[in-house]
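Below, chains carry the letters A, B, ... as their sequence lines are ordered, and counting in each starts from 1.
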2 protein chains.
Amino acid sequence: MTTEILPKNENDSIQKEIISKIRDYINFKNLEPGDKLPSERKLSEKFEVSRGNVREAIQTLEFYGLLYSKPQSGTFVADIGPVAMNGMINDILRLEEPDFKTLVETRILLELKTVRLAALRRTEEDLKEIEEALEAYSEKVMQGEDAVQEDLLFHLAIAKASGNSTINTFMLTITPEIITNFTKYHVCDKNVAFTGIQEHRDVYEAIKNKDPQLAKEKMKVHFKMLYQYCYNIKD
Amino acid sequence: MTTEILPKNENDSIQKEIISKIRDYINFKNLEPGDKLPSERKLSEKFEVSRGNVREAIQTLEFYGLLYSKPQSGTFVADIGPVAMNGMINDILRLEEPDFKTLVETRILLELKTVRLAALRRTEEDLKEIEEALEAYSEKVMQGEDAVQEDLLFHLAIAKASGNSTINTFMLTITPEIITNFTKYHVCDKNVAFTGIQEHRDVYEAIKNKDPQLAKEKMKVHFKMLYQYCYNIKD
DNA sequence: CAAACCAATTTGGTAAACCAGTTTAAGAAG
DNA sequence: CTTCTTAAACTGGTTTACCAAATTGGTTTG
């Protein structure tokens, strides 16, 4: 995982340029699945950039499953036809930097699903971990301290209990960004944290009783303020 | 993302080991947000691994927002307290390789959302691109050829029209894996493709008429078989 | 004529060397 | 003793050089 998911540097533009050149090359030479690309060295001199940049671009395309590299052999186009290849590369090039609004929107979506799945699939061990996270959160709030971390860990514990590793990965991906923005914009304040305890407890009880519908409802209540924030934010 | 999001190599284990050692170091030294980690060189000799491995591990932790590196200065622990730090690192280490079932489950979840958002937010240009993808799919199927690529691009066009770049990125991430598994297990066959044309058209019409509820219903119909497959697959 | 072998070249991966800022600390001046 | 100067050591990032595996083309052998 090497790869950071999205480059935010100024290298971004040059890497995108290289990616588009690779696309053009594949189209021009009519490369099909399994065909070999020129070596990194040749590409670097053909595009007049450093080999490192070429490697970076190839790794990005590898991340999206469009290319694959075999050590001491070469880089090959994946088992995806030219239509999908072009379409996906264009999508990748057009990808915008995710903003806070879409981040929150996605988090709500994911969590309303994980809480349902957790209510259906949770093991006793999952339940125990969720409870521990809940207690840690309550204690911190009762002491009047900031509990953003414990809040987060409660939600991550639910994500883990959902048994869906893909969603779990996505949650882990967006969580840090969420935290930094929350603390930056002070979305959560003190009295909200207090009401949050009961809301967390409601969600926990629903998961404990294996009631997916209720769990989802309680999570919706918990997200109510967040929901408003998400759809009232200026575009 | 440079990170490729998840390493599948055997380097995986050694990198995870380094990550856990970094966690132990942070705990042992009681490092707080803003504190500096030892240099990559020192860590590499302390852990008795190459500097490259250390760099890779740090970049992974950077991807999840737990560390940040300042050029020519050092690597620092992010503004996340020790509780969240430990919790998240443990989650990262425990992350399982996503299997096909969770992949499909996640795809259905994401698409039922994107199609709603697309119906609400689509621009005229979005609609045009979706229509083009639809036509390309129909033609391919009519000619009796395999149309997995065009099918995919139709769904990606909807994701783009949803206006949520975070979900869009996630869709792009899971799509290649979906494709390879589809072609491997032959989830889709010929007659399904034919019925798929009308289903696609229904979805398109709903988006065109800006009817989010209908769009979601039609997409559900389209996913019906996939849905069954997802929940009947052996665990 | 075909198959098997071999050496040489090419490949992606990796470790070492290098670079340009930053930090640190020692030393000189006041 | 304090403060400013300065140079040396250290930092993450980048380029370069090297490596072992694998492909390739030619040659030999059955």
Side-chain angles (χ1 to χ4, degrees), chain A residues 1-4 6-15 17-19 21-22 25-26 29 31-78, chain B residues 1-4 6-19 21-22 25-26 29 31 33-78:
Chain A
M1 102 190 129
T2 311
T3 315
E4 39 275 32
L6 289 175
K8 300 168 184 174
N9 324 6
E10 43 123 357
N11 306 342
D12 191 11
S13 57
I14 134 167
Q15 189 185 339
E17 203 168 334
I18 296 177
I19 290 178
K21 283 180 180 176
I22 292 178
Y25 181 89
I26 292 177
K29 295 285 185 181
L31 261 43
E32 298 176 359
D35 286 354
K36 192 167 87 171
L37 261 67
S39 70
E40 297 175 350
R41 292 170 174 79
K42 289 198 180 146
L43 285 179
S44 71
E45 64 176 286
K46 179 190 285 281
F47 298 157
E48 292 177 349
V49 293
S50 76
R51 188 187 159 199
N53 290 129
V54 173
R55 278 183 68 80
E56 207 177 341
I58 288 178
Q59 281 171 2
T60 298
L61 260 24
E62 243 183 313
F63 169 74
Y64 287 107
L66 303 181
L67 301 177
Y68 61 93
S69 293
K70 281 201 283 185
Q72 286 82 35
S73 178
T75 302
F76 305 83
V77 321
Chain B
M1 176 173 327
T2 314
T3 47
E4 31 293 24
L6 291 173
K8 298 167 183 174
N9 326 4
E10 42 126 357
N11 307 343
D12 191 11
S13 57
I14 134 166
Q15 190 186 338
K16 284 195 173 181
E17 203 168 334
I18 296 177
I19 290 179
K21 282 180 180 173
I22 291 178
Y25 181 89
I26 292 177
K29 295 284 186 181
L31 259 44
D35 286 354
K36 192 167 89 171
L37 261 67
S39 71
E40 297 175 349
R41 297 174 227 279
K42 293 223 178 108
L43 286 178
S44 72
E45 64 176 284
K46 181 191 284 278
F47 298 156
E48 291 178 351
V49 293
S50 76
R51 187 187 159 198
N53 291 128
V54 174
R55 275 183 69 79
E56 206 177 341
I58 288 177
Q59 280 171 3
T60 298
L61 260 23
E62 242 183 312
F63 169 73
Y64 286 107
L66 303 180
L67 301 177
Y68 61 93
S69 293
K70 282 202 282 185
Q72 287 84 32
S73 179
T75 301
F76 304 83
V77 323

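With sequence neighbours left out, the side-chain hydrogen bond (donor to acceptor under 3.5 Å, both in side chains) criterion links B:S50 to B:N53.
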Could you list the donor-acceptor pairs under 3.5 angstrom formed between side-chain atoms of residues 65-72 of chain A and any protein atom two or more places apart in sequence or on another chain?
from, atom 1, to, atom 2, distance (Å)
A:S69, OG, A:T75, OG1, 3.1

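As rounded to whole Å, 12 Å separates atom P of D:dG12 from atom CD of B:Q59. With rounding to whole Å, A:R41 atom CZ is found 14 Å from C:dT14 atom P. Rounded to whole angstrom, the span from the CZ atom of A:R55 across to the C1' atom of D:dT16 amounts to 13 Å. Distance, A:L67 CG to C:dT11 C1': 16 Å, rounded to whole Å. Nucleotide C:dT23 holds its C1' atom 12 Å from the NZ atom of B:K42, rounded to whole Å. B:I14 has its CD1 atom 12 Å from the C1' atom of C:dT14, to the nearest Å. Rounding to whole angstrom units, CD of residue B:E45 and P of D:dT11 are separated by 10 Å. For B:Q15 and C:dT14, the CD to P distance is 12 Å, given to the nearest whole Å.
Residue B:R51 has its side chain nearest to D:dT14 when only C:dG13, C:dT11, D:dT14 are considered. Closest contact between the side chain of B:S50 and the listed nucleotides C:dA15, C:dG12, D:dG12 involves C:dA15.
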Contact state string [nucleotides 20-25 of chain D, B base, S sugar-phosphate only, - no protein heavy atom under 4.0 Å]: BBSS--
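Taking CZ from B:R55 and CZ from B:R41, the interatomic distance works out to 9.5 Å, rounded to the nearest 0.5 Å. Here the CD1-CG distance, from A:I18 to A:L43, works out to 9.5 Å after rounding to the nearest 0.5 Å.
Scanning all heavy atoms of the two residues, the minimum distance from B:Y25 to B:P38 falls at OH-CG, 3.2 Å.
A:G52 comes within contact range of no nucleotide atom at all, as no heavy-atom separation falls under 4.0 Å.
Looking at A:I58 and A:I22, their side chains come closer than 4.5 Å, going by heavy atoms from C-beta outward.
Between A:T75 and C:dG12 there is a side-chain polar atom (N or O) within less than 4.0 angstrom of OP1 or OP2.
For the salt bridge (Lys or Arg N to Asp or Glu O under 4.0 Å) with B:R51, the qualifying choice from B:E45, B:E40, B:E56 is B:E40, the only one to do so.
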